[in-house]
Number of protein chains: 2
Amino acid sequence: MTTLTAAQRRAREQRAHEAFVKVCPTNRLLALISDKWVSLVVSALAGRGTLRYSDLRREIPGVSEKMLTQTLRSMERDGLVTRTVTAAVPPRVDYELTELGRDLTGLIFTVRDWAEANIARIDAARAGYDAAS
Amino acid sequence: MTTLTAAQRRAREQRAHEAFVKVCPTNRLLALISDKWVSLVVSALAGRGTLRYSDLRREIPGVSEKMLTQTLRSMERDGLVTRTVTAAVPPRVDYELTELGRDLTGLIFTVRDWAEANIARIDAARAGYDAAS
DNA sequence: CAGTATCCGACGTGATACTG
DNA sequence: CAGTATCACGTCGGATACTG
């Protein structure tokens, strides 16, 4: 059979779309920077240069150990930070932005600037919409 | 008692952080544009001007009616698109970007360009990391 | 100090069916 | 044509406890 039901066609489109979204650079980057903690880690490191694990915990109030570790690991894997272990007692681990990480900082700041310049327009639209309902 | 346990202090920080994140313009904007469908709707409308609901479904393969409706409603609420209903048989609803929506398009394209220019560096870092493990 | 391990509840997403 | 309503599932993030 070369004919497909509507459901089958939609299912096929769905799979094709899923595959596309997974490799689409824009979506992958958005997933990266919109991660709940990544931009906060980037901002902390951008301002301070090098920070220890415990420094980062202090700089980012509210982050749990689990999420901070997980975030740092994925950022290391993506080449955004370097992780330097110093064998000592007590143990010491330093994190620093790579060049790629610093390049990404520029983009994040661009987004931040647009947000701060335009969020009021979104809020106004939202207020109007909610009032009209 | 003015003294707090570590757990109490952390819980307080947590709530303060939650409150901060909710109002932080950058996080709010990132949540908006990193929505799975928003950037796709913006791209579709940016290229075509005005589109009907069914056109959008066709332009964005894999979107369900539920998610498309939900996305369009939130975008209308945020002032990114206008929704124009034409009373007729069959019913007709047109969607178009607002000026704010077109401004946002510029930012999304900036992100897209950065992504396309730099995704290879991330992939390379990832490949190296995974190979070393 | 810098993590790791496990459990669990909330939320986002999609499938399916129905409507003005 | 353009939606709405309901259900089910998977993932993410947090709380808690333990370790080299």
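When reading the values below, keep in mind they use all heavy atoms of this one structure, side chains included, and skip hydrogens, waters and symmetry mates. These numbers come from a predicted model, not from an experiment. Residue numbers start from 1 in every chain, and the chains themselves are labelled A, B, ... in the order their sequence lines are given, proteins ahead of strands.
- Atom-to-atom, CZ of B:R57 to P of D:dC1 comes out at 10 Å; the value is rounded to the nearest Å.
- In this structure, CG of B:D55 is placed 8 Å from P of D:dA2, rounded to the nearest angstrom.
- A:T26 contributes atom OG1, which lies 9.5 Å from atom CD1 of B:I108 (distance to the nearest 0.5 angstrom).
- Geometrically, B:R126 does not engage B:Y129 in a cation-pi contact defined by less than 6.0 Å to the ring centre and at most 45° from the axis.
- OP1 and OP2 of D:dC12 both lie 4.0 Å or more from every side-chain N or O belonging to A:W37.
- Phosphate proximity of D:dT6 to B:K66: absent, as no side-chain N or O sits under 4.0 Å from OP1 or OP2.
- In this structure, A:D94 atom CG and C:dG3 atom P are separated by 10 Å, rounded to whole Å.
- Side-chain nitrogen and oxygen atoms of B:R73 include at least one within less than 4.0 Å of the OP1 or OP2 phosphate oxygen of D:dG3.
- The shortest distance between the side-chain N/O atoms of B:R52 and the OP1/OP2 oxygens of D:dA2 is below 4.0 Å.
- Atom CG in A:L68 sits roughly 13 Å away from atom C1' in C:dC1 (whole-Å rounding).
- In this structure, A:D35 places its CG atom 17 Å from P of D:dT11, rounding to the nearest Å.
- Map A:R83 and B:E65 each onto its nearest nucleotide of DNA chain C; the residue landing nearer the 5' end is A:R83.
- The phosphate of D:dT4 (OP1 or OP2) has no side-chain N or O of B:Y53 nearer than 4.0 angstrom.
- B:D55 and B:R58 are joined by a salt bridge, as a carboxylate oxygen and a charged side-chain nitrogen come within less than 4.0 angstrom of each other.
- Between the side chains of B:Y53 and B:T69, a donor-acceptor pair is found at a separation under 3.5 Å.
- Contact between A:Y95 and A:L45 at its shortest, heavy atoms only, is O-CD2, 3.5 Å.
- Following rounding to the nearest Å, B:M67 (CE) and D:dA2 (P) show an atom-to-atom distance of 19 Å.
- When rounded to the nearest whole Å, the span between CG of B:L40 and C1' of C:dT13 equals 15 Å.
- The residue among A:P91 and A:T69 whose nearest nucleotide of DNA chain C is located toward the 5' end is A:P91.
- A donor-acceptor contact shorter than 3.5 Å links the side chain of A:T98 to the backbone of A:L80.
- A sub-4.0 Å separation between OP1 or OP2 of D:dA2 and a side-chain N or O of B:R58 is absent.
- Rounded to an integer number of Å, the gap from CD of A:Q70 to P of C:dT4 is 10 Å.
- Pairing analysis of DNA chain C (Watson-Crick: purine N1 to pyrimidine N3 plus N6-O4 or O6-N4; G-U wobble: N1-O2 and O6-N3; both under 3.5 Å) yields stems of 3 or more pairs at C:1-20 with D:1-20.
- With sequence neighbours excluded, the residues forming a side-chain hydrogen bond (donor to acceptor under 3.5 Å, both in side chains) with A:E65 are A:R57, listed by chain and number.
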